[in-house]
Amino acid sequence: MHLSKSVILGLGLAASALSVQAADDELIARGKYLAAAADCVACHTVPGGKPFAGGVEFKLPFGSLYSPNITPDKATGIGDWTDADFLGALHEGVGKDGKRYYPAFPYTSYTLMPDDEVKAIKAYLFSLEPVSNTVPENTLSFPYNQRWGMFFWNLVFHDNERFKPDPNQSEEWNRGAYLVEGPGHCGECHTPRNFAQALSSSQPLAGNLVQGWQAYNISSDETYGIGAWSPAELVSYFSKGYAPGKGVASGPMGDVVNHSLRHLTPDDLSAIATYLLGTPAQAAGIARPEVVPDATPVADGALGSKLFAGNCAGCHAWDGSGTQSPIAALGGLKTVNDPAGTNLLGILLRGHGGPGARVDQQMPSFAAGYQDAELAAVGSFVLQHFGQSGGSLSAEDVAAKRGNTGH
């Protein structure tokens with residue numbers, strides 16, 4: 001059988017089209033994975049809103065910033081952005097309109113990503129449904145509302161360089177370093193900031209207060225950081241949101257696990273653990289409690305112990321071991337050793353458990369059913385019974401936290 005030239009040409013064009021489509025699909029899939037590693041959705045999606053449509057508020061000491069719409073909508077999103085525009089934003093912190101971004105947008109970390117990975121994220125975003133959404137204007141006070149000043153900030157604090165592997169380290173360590181320092185931008189929350197709101201070069205990963213939540217020390221220090229964790233415990237925390245007796249991902253960190261870390265491959269999670277366990281130890285922040293109480297119920301008649309007995313002991317147990325699920329373990333958590341009870345109050349008011357979490361891995365919000373004095377009493381009991389900080393909370397502390405969390 002002989003095929004005509006036109007048929008052969010048609011078959012060739014069809015095969016070429018399929019090859020191009022396969023390449024496009026592969027690029028989009030790669031971009032989706034990288035967007036998850038970069039946790040783009042968390043900062044660009046308001047609760048109950050369309051993914052990537054922007055409008056998330058970031059409260060700063062001098063006003064509020066709102067994340068932009070990064071869907072491919074041409075009027076309110078990035079639908080008319082070129083590859084060069086997108087690279088400029090992620091590498092240099094300069095938008096299509098020439099306006100400079102503030103470091104609340106982690107371009108100082110994304111700048112480590114090579115061009116091809118940045119373009120892959122753009123390809124993924126452009127494959128999504130456009131969403132028309134005009135976000136609120138920023139409300140920064142003078143002189144912080146003068147974007148041109150970021151030119152000089154970048155001269156001092158922004159290198160605009162891609163990631164360079166350390167030849168003296170293993171391939172796994174370098175992969176972890178890239179993910180943590182680059183797309184994962186872990187330091188943006190876990191590193192203190194200096195007077196200019198740049199990351200402190202002297203205290204990398206030493207912990208920081210972010211949006212009313214403690215982003216704990218994640219350096220290799222055994223007391224203040226994660227040095228006492230095993231690699232398996234870290235991978236469990238990244239993929240499931242908890243490691244019994246070590247940590248529970250709550251608040252913004254719970255969102256990071258849900259939107260980002262749990263979607264990464266086991267090899268990448270292991271690489272992140274390898275890198276973090278090899279970082280310089282930073283003796284700063286909140287220490288892990290060393291003493292775990294026994295299982296004897298407390299019957300001192302105080303309001304805090306009564307509330308714990310009636311509402312908490314059934315899931316957490318008097319020794320903090322957790323009864324229904326290891327995620328309910330309280331012993332050994334920094335959350336119960338923070339004298340200010342920062343994350344503890346956040347969990348009491350907001351609850352705990354991501355979308356799709358099993359019932360035995362969820363904790364309800366106690367904001368509506370309990371008064372400020374009651375939550376202060378049970379919070380103080382938890383701090384004093386399970387921690388060694390001697391922390392005590394007041395009704396005023398709870399009221400202030402309600403204002404920060406909207407609960």
Side-chain angles (χ1 to χ4, degrees), residues 190 206-210 212-219 221-229 233 237 241-251 253-254 282-300 302-323 325-352 363 366 370 372-398 400-401 405:
H190 290 276
N208 194 24
L209 184 66
V210 180
W213 291 81
Q214 283 288 348
Y216 295 125
N217 183 330
I218 57 171
S219 76
D221 189 272
E222 292 190 4
T223 300
Y224 295 92
I226 46 85
W229 296 46
E233 287 173 327
Y237 182 86
Y242 66 91
K246 295 291 173 41
V248 176
S250 57
M253 191 62 208
Q282 303 289 333
I286 299 165
R288 292 183 60 247
E290 297 179 356
V291 179
V292 177
D294 61 36
T296 304
V298 175
D300 57 7
L303 177 60
S305 56
K306 285 182 177 179
L307 289 170
F308 186 86
N311 301 277
C312 313
C315 289
H316 297 289
W318 289 97
D319 62 354
S321 59
T323 58
S325 167
I327 201 172
L330 295 177
L333 303 187
K334 292 181 182 180
T335 303
V336 302
N337 212 37
D338 173 7
T342 306
N343 292 1
L344 174 62
L345 283 178
I347 295 171
L348 287 172
L349 292 169
R350 174 174 162 169
H352 177 81
M363 175 173 160
F366 291 92
Y370 293 86
D372 292 348
E374 292 174 315
L375 292 180
V378 73
S380 296
F381 173 81
V382 169
L383 293 177
Q384 295 164 16
H385 185 69
F386 296 102
Q388 285 85 52
S389 70
S392 180
L393 305 176
S394 67
E396 290 73 20
D397 294 330
V398 180
K401 191 69 173 182
T405 62

**Message:** Under the criterion side-chain contact (heavy atoms from CB on, under 4.5 Å), I'd like the reasoning laid out for Trp318 against Thr296: C-alpha separation, chi angles, the key distance, then a yes or no.
**Reply:** CA-CA 6 Å; Trp318 289 97; Thr296 304; over 6 Å; no

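A donor-acceptor pair under 3.5 Å links the side-chain atoms of Arg288 to the main chain of Gly245, judged by distance alone. A donor-acceptor pair under 3.5 Å is formed between the side chain of Gln388 and the backbone N or O of Glu290. Using a distance-only test at 3.5 Å, with no hydrogens or angles considered, no donor-acceptor pair links the side chain of His352 to the main chain of Ser250. At distances below 3.5 Å, not a single donor-acceptor pair connects side-chain atoms of Ser219 with backbone N or O atoms of Gly225.
At least one side-chain heavy atom of Thr342 sits under 4.5 Å from a side-chain heavy atom of Lys401. Considering only heavy atoms from C-beta on, Phe381 stays 4.5 Å or farther from Cys312 through its side chain. Taking 4.5 Å as the limit, every side-chain heavy atom of Asp319 sits out of range of all side-chain heavy atoms of Asp294. Here the side chains of Phe366 and Leu375 are in contact, with some heavy-atom distance below 4.5 Å. At least one side-chain heavy atom of Asp338 sits under 4.5 Å from a side-chain heavy atom of Gln214. Proximity of Tyr216 to Tyr224: side-chain heavy atoms (C-beta onward) are nowhere separated by under 4.5 Å. His190 has its side chain out of reach of Asn217: every pair of non-hydrogen atoms, C-beta onward, lies at least 4.5 Å apart. Counting heavy atoms from C-beta outward, Val378 and Asn311 have side chains that stay 4.5 Å or more apart.
For the atom pair Leu348 CG and Leu344 CG, the distance stands at 4.5 Å (nearest 0.5 Å). Thr223 OG1 to Lys334 NZ: the interatomic distance, rounded to the nearest 0.5 Å, is 9.5 Å. Note that the CH2 atom of Trp213 and the CG atom of Leu345 stand 9.0 Å from one another [nearest 0.5 Å]. For the atom pair Leu349 CG and Asp372 CG, the distance stands at 8.0 Å (nearest 0.5 Å). Here the CD1 atom belonging to Ile218 is positioned 11.5 Å from the CG atom belonging to Asn208, to the nearest 0.5 angstrom. Distance OG/Ser325 to NE2/His316: 10.5 Å, rounded to 0.5 Å.
Summarising the geometry of Val210 relative to Ala215, their closest heavy-atom pair is CG2-CB, 4.3 Å, with the distance given to 0.1 Å. When all heavy atoms of Ala313 and Thr323 are compared, the pair lying nearest together is O-CG2, 4.3 Å. Between Leu303 and Ala373, the closest heavy-atom pair is CD2-O, 4.4 Å. Among all heavy-atom pairs drawn from Leu307 and Glu374, the shortest one is CD1-O, 3.3 Å. Taking both residues in full, the closest heavy atoms of Ser321 and Ala329 are given as O-CB, 3.6 Å, listed atom of the first, atom of the second, then distance. Counting all heavy atoms, side chain and backbone alike, Leu330 lies closest to Phe386 at CD1-CE1, 3.8 Å.
Checking Thr335 against Asn343 by side-chain atom types alone, no donor-acceptor pair falls below 3.5 Å.
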